[in-house]
Amino acid sequence: MFETESQLVDVLKKNYRAFCHWDPKKFDTKILEEVDLGYGIADLVISKLAGKKEQSNFPLNYFDALVYKIIETNKSISFEKLKEITKANSSTINGSLKKLIQDSYVAKSDSLFVFHKTYKAVAIDSIAIEAKLKNWKRALDQAFRYKWFADKSYVVLDSNYIKPAISNINEFTKMNVGLAEINLQGEVKLHFKPIKSLPIDYKMWILLNERLKIFKNSSEMISM
């Protein structure tokens, strides 16, 4: 039995391979801890990275991603229309446009801002994990939020407290959130494997990829 959630996460981190549907020995695999993208804090996010390392000159924030998505959808748009849609001030919009132009995602043509390049992700697959000692209902609610930016999401509980969650496994299947247990020895058992699905929020998906770019050489990211 784990004494704290942090202890559970530490053991989980060492046994992350149980959740990968790829071979971490063949693909560059990274783990981010306590990922906060504005919609809950995931304990771990395990990502399979593309071979080529992408790096933004200026990391994008959520508003930058919003402006990018608007321009991508419209193909071309005026500054006035951007102000009307975003309700933001001119300085904030100009800041985002500067980043997007410098990274070649957007180009300026006369008075219009034109979509130029599709956003290039570094993550091919991402699995978000919510670890709890025993409160499966709260964990499920939190893990579902991670579907906004991850391809798969899991709840992982202490093996000593897994039975109530298994008894309600239909709640996990209905929400397409995985369920697993882990013990002090690091033994992981998957009770439900979710189906990979596109992240619900394209902008939050961009934020995750920006985080992976920023911390690819940082202590926050653990290369396995």
Side-chain angles (χ1 to χ4, degrees), residues 13 16 19-20 22 24 27-75 77 82 85-89 91-108 113-130 142-154 196-224:
K13 196 164 53 182
Y16 77 96
F19 300 91
C20 300
W22 64 89
F27 296 94
D28 190 6
T29 301
K30 304 291 181 181
I31 298 177
L32 289 176
E33 296 184 70
E34 296 187 349
V35 179
D36 183 3
L37 301 178
Y39 202 29
I41 303 174
D43 290 302
L44 298 177
V45 176
I46 308 164
S47 295
K48 172 186 175 184
L49 304 188
K52 184 180 178 181
K53 297 292 188 299
E54 294 287 335
Q55 188 167 3
S56 297
N57 295 321
F58 301 92
L60 305 181
N61 58 37
Y62 189 84
F63 187 77
D64 302 332
L66 172 63
V67 172
Y68 168 79
K69 182 59 178 175
I70 292 170
I71 298 174
E72 180 190 43
T73 300
N74 288 273
K75 302 307 178 187
I77 195 169
L82 278 172
I85 294 173
T86 64
K87 310 298 183 186
N89 59 50
S91 177
T92 300
I93 297 172
N94 275 321
S96 293
L97 289 171
K98 181 179 179 180
K99 289 183 185 180
L100 294 170
I101 290 171
Q102 289 178 320
D103 274 335
S104 300
Y105 293 123
V106 171
K108 189 174 182 182
F113 294 93
V114 182
F115 174 70
H116 184 256
K117 183 178 73 173
T118 300
Y119 181 82
K120 185 68 173 179
V122 293
I124 300 172
D125 292 285
S126 287
I127 301 168
I129 295 177
E130 177 64 24
Q142 291 176 295
F144 182 74
R145 297 179 185 181
Y146 308 152
K147 290 166 63 66
W148 260 247
F149 60 83
D151 303 301
K152 291 183 179 181
S153 185
Y154 271 91
K196 181 179 177 179
S197 59
L198 290 174
I200 295 171
D201 190 325
Y202 183 64
K203 299 178 291 299
M204 290 186 71
W205 172 80
I206 288 177
L207 285 189
L208 173 62
N209 279 274
E210 289 297 295
R211 181 69 60 86
L212 286 164
K213 294 174 186 179
I214 294 168
F215 293 109
K216 69 186 184 69
N217 294 316
S218 165
S219 59
E220 180 173 336
M221 177 180 283
I222 301 165
S223 179
M224 297 292 180

Checking K48 against D28 for the side chain to side chain contact (heavy atoms under 4.5 Å, CB included) test, could you report, in this order, the C-alpha distance in whole Å, the side-chain angles of both residues, the deciding distance, and whether it holds? CA-CA 6 Å; K48 172 186 175 184; D28 190 6; over 6 Å; no

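- In this structure, the side chains of W22 and I46 come closer than 4.5 Å at one or more pairs of heavy atoms.
- Looking only at side-chain heavy atoms (C-beta outward), W205 and L198 stay at 4.5 Å or farther from each other.
- Side-chain contact check for D201 versus Y62: some heavy-atom pair is nearer than 4.5 Å.
- In terms of modelled atom types and a separation under 3.5 Å, the side chain of N209 and the main chain of A123 share a donor-acceptor contact.
- Proximity of D151 to P199: side-chain heavy atoms (C-beta onward) are separated by under 4.5 Å at one or more points.
- Counting heavy atoms from C-beta on, the side chains of P59 and K213 never come closer than 4.5 Å.
- The line from CZ of R145 to CG of L37 is 13.0 Å long, rounded to the nearest 0.5 Å.
- Considering CD1 of I41 and OH of Y146, their distance stands at 7.5 Å, rounded to 0.5 Å.
- Y39 pairs by the side chain to side chain donor-acceptor pair (under 3.5 Å) definition with nothing, not counting sequence neighbours.
- Across every non-hydrogen atom of K196 and I124, the tightest pair is NZ-O, 3.7 Å.
- The nearest pair of heavy atoms linking R211 to D36 is NH2-O, 3.2 Å.
- With hydrogens and angles disregarded, a donor-acceptor distance shorter than 3.5 Å links the side chain of D64 to the backbone of N61.
- You'll find the side chain of V114 stays beyond 4.5 Å of the side chain of H116, heavy atoms only.
- Across all their heavy atoms, S126 and V45 have their closest contact at CB-CG1, 4.3 Å.
- Side chain of K117 to main chain of D103: a donor-acceptor pair is present (N/O by atom type, distance under 3.5 Å, no hydrogens or angles).
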Determine, step by step, whether I129 and Y16 satisfy the side chain to side chain contact (heavy atoms under 4.5 Å, CB included) criterion, reporting the C-alpha distance in whole Å, the side-chain angles of both residues, the deciding distance to 0.1 Å, and the verdict. CA-CA 10 Å; I129 295 177; Y16 77 96; over 6 Å; no

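- A42 approaches E130 most closely through the heavy-atom pair CA-OE1, 4.5 Å.
- Put simply, SG on C20 and CG on D125 are 9.0 Å apart, with the number rounded to the nearest 0.5 Å.
- Contact annotation: the side chain of V67 never approaches that of F113 to less than 4.5 Å [non-hydrogen atoms, C-beta and beyond].
- For the atom pair OH (Y68) and OH (Y119), the distance works out to 9.0 Å, reported to the nearest 0.5 Å.
- Put simply, CD1 on I85 and CD1 on I71 are 9.5 Å apart, with the number rounded to the nearest 0.5 Å.
- Residues F63 and I93 are in side-chain contact: their nearest non-hydrogen atoms beyond the backbone lie under 4.5 Å apart.
- To the nearest 0.5 Å, the span separating CZ on F27 from OG on S47 amounts to 14.0 Å.
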Yes or no on side chain to side chain contact (heavy atoms under 4.5 Å, CB included) for L97 and L82, after CA distance, side-chain angles and deciding distance? CA-CA 10 Å; L97 289 171; L82 278 172; 4.0 Å; yes

Criterion side chain to side chain contact (heavy atoms under 4.5 Å, CB included) on L207 and F149, from CA distance to verdict: CA-CA 8 Å; L207 285 189; F149 60 83; over 6 Å; no

